[in-house]
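Written out below as structure tokens is the structure these notes cover.
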Amino acid sequence: MPTTAWVTLQQQAATARGVHLRDQFATDPQRFARFSLREEGLLLDYSKQRVTVEVMTQLRQLWQEAKGAEWISRMRAGEAINHTEQRAVLHVALRQTGAGAYSRPEVQAVLDKMERFCAQIHGAHWRGATGEPIRTIVNIGIGGSDLGPKMAVRALAAHRLPHLDVRFVSNLDGAHLATELAHCEPAHTLFIIASKTFTTQETMQNAASARAWLVAALGEAAVARHFVAVSTNLPAVAAFGIDPDNAFEFWDWVGGRFSLWSAIGLPVALAVGMGNFRRLLAGAAAMDTHFFNAPIEHNLPLTLALLELWNTDFLGAETRALLPYSQSLELLPRYLQQLEMESNGKRTDRAGNAIDCNTAPILWGEAGTNGQHAFYQLIHQGGRLIPCEFIACIEADFALPGHHTKLLAHCFAQSEALMRGKTQSEALSETTHNNAPELAPYKVFPGNQPSTTLLLPRLDPHTLGQLIALYEHKVFALGVLWNLNSFDQWGVEYGKQLAGRLLPIIEGSAPVHELDSSTAGLMSACRSAP
Ligand code: F6P
């Protein structure tokens with residue numbers, strides 16, 4: 001049964017459909033001041049979203065009705081809010097360093113172990129089996145054991161320590177491992193096998209192949225000096241042949257896609273130094289404090305969550321484009337795809353009932369300005385509602401003369417164009433070289449395409465920590481609003497199960513029957529291939 005606020009929002013959405021953002025800006029010179037937040041050094045401008053004061057009031061009412069504050073308390077108290085797996089959700093405890101309320105000795109112990117390990121690698125005290133220093137780290141993991149650290153290492157390119165190459169292998173396709181190993185020398189290479197469960201097929205296959213590559217070059221005894229592991233499953237790590245002293249533990253109260261802050265962040269610490277890794281944690285902790293304490297009207301993650309709910313369930317958007325105007329954040333869309341879609345791409349509520357509205361929209365995106373020369377045409381003139389989220393940094397991380405002001409100009413021009421659009425009479429009155437009147441219809445932009453712009457002062461470990469935690473809490477808030485469990489991922493299991501059944505068939509040890517004709521046809525084609 002929809003609540004009063006929900007019904008009111010449906011009525012407000014019907015009105016909003018007939019209102020153009022261009023007119024809202026024209027009639028309200030205070031629109032930016034009214035719909036922007038400056039919190040924690042970040043600026044969130046949502047004035048180009050199709051909202052009014054009344055809409056925001058009703059959206060905030062939904063959060064109250066969903067008992068959002070109570071859910072935050074339940075998470076912080078370590079209740080098993082991941083009810084389908086009977087697990088607590090305490091990734092915030094991973095960044096409570098020092099004497100914080102959630103500070104846990106086991107977390108501090110692993111951070112200290114990471115620090116000692118980084119010092120050994122960076123100081124060349126850790127040597128490979130032949131006595132050579134380590135020059136290349138290869139992280140083997142997938143999903144949350146890959147996307148977070150890979151994104152963060154890429155994002156912090158300006159903070160990289162010299163002389164250590166950090167690479168990532170995730171895909172089961174041998175092309176991934178083979179092409180990365182082509183850049184590695186066995187004597188100088190150290191593998192991190194990163195897997196929460198230590199059972200994921202992709203990671204186990206890549207780890208076994210990497211081990212075989214190393215053993216072929218340096219012999220079996222070399223494994224101990226060239227493999228470390230990050231996992232919750234220490235017996236499986238030992239069974240793989242990795243010395244327990246070289247295993248970095250984390251815990252089942254850390255979800256895979258929320259695990260960057262645990263030892264899963266080891267490649268980040270190796271790439272940028274443990275000091276910077278701790279700054280990343282501190283940035284996330286600052287955002288935790290903000291999310292837990294800031295009033296609803298000033299709350300950054302909550303505001304993003306409410307805007308997404310409005311666009312998805314009231315205005316009918318199917319997707320959201322994430323457009324970082326930062327090459328260093330080029331992997332952020334991919335990382336957020338897992339964080340947002342694996343968390344909230346669900347259709348069953350906490351009571352086991354069908355959810356009767358849309359949940360997580362399809363997230364996609366690309367670093368600006370590259371996206372402008374690929375898919376922006378469709379956003380501007382394709383006729384679909386596509387809310388856009390721009391992220392930009394006031395200061396450049398690589399300050400080449402002439403680049404950054406142009407980059408910012410493009411970013412702000414895009415959100416302006418999406419908001420304003422261009423009318424036929426404006427197109428006709430343009431004095432460009434190609435202003436034939438018959439071309440005017442092609443130059444019309446409908447505009448009214450909603451967007452948010454998030455401005456960071458700069459991209460550094462602290463602001464990156466803030467940014468990631470901002471999205472984590474946004475995901476949590478949306479899970480509360482949709483009354484779903486954001487922390488399980490049953491939808492990923494079925495494909496794994498079927499792949500297990502098909503493997504013996506494709507390998508020829510089981511017959512092709514009891515399969516649909518398409519699957520059987522595809523399998524037969526591979527079985528008969530030379
Ligand atoms: O994609 C499913 C999933 O379980 C993710 O949630 C997880 O991040 C990924 O697989 C990898 O799992 P693991 O770290 O256990 O190898």
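Throughout, numbering of the chain's residues begins at 1 and tracks the sequence. Atoms within each ligand, like the ligands themselves, are counted from 1 in listed order.
Checking only distances, Val492 never comes within under 3.5 Å of ligand 1, N or O to N or O. Polar contact check, Thr203 against ligand 1: no nitrogen or oxygen pair lies under 3.5 Å apart.
With respect to atom 5 (C) of ligand 1, the closest heavy atom belonging to the protein is Glu342 OE1, 3.3 Å. Considering only non-hydrogen protein atoms, atom 15 (O) of ligand 1 sits nearest to Thr197 OG1, 2.6 Å. Closest protein heavy atom to atom 11 (C) of ligand 1: Ile142 O, 3.2 Å. Looking only at heavy atoms of the protein, atom 10 (O) of ligand 1 is closest to Lys496 NZ, 4.5 Å.
Residues Arg350 and Asp488 are not paired through a salt bridge, judged by the lack of any N-O separation under 4.0 Å between the basic side chain and the carboxylate. Using a cutoff of 4.0 Å between basic side-chain nitrogens and carboxylate oxygens, Arg257 and Glu472 are not scored as salt-bridged. Taking 4.0 Å as the cut-off between side-chain N and carboxylate O, Glu249 and Lys113 do not count as a salt-bridged pair. One finds no salt bridge joining Arg135 and Asp165 here, because no Lys/Arg side-chain nitrogen approaches an Asp/Glu carboxylate oxygen to under 4.0 Å.
Aromatic ring centroids of Phe375 and Trp364 lie under 6.0 Å apart. Between Phe258 and Phe487, the ring center distance clears the sub-6.0 Å criterion.
Of the candidates Ile264, Val237, Val228, Val228 is the only one forming a side-chain contact (heavy atoms from CB on, under 4.5 Å) with Phe248.
At least one heavy atom of Gln338 lies less than 4.0 angstrom from ligand 1.
Taking a cut-off of under 4.0 Å to the non-hydrogen atoms of Thr200, the atoms of ligand 1 that pass are 12 (O), 13 (P), 15 (O), 16 (O). Those atoms of ligand 1 that come under 4.0 Å of a heavy atom in Gly144, given as number and element, are 7 (C), 8 (O).
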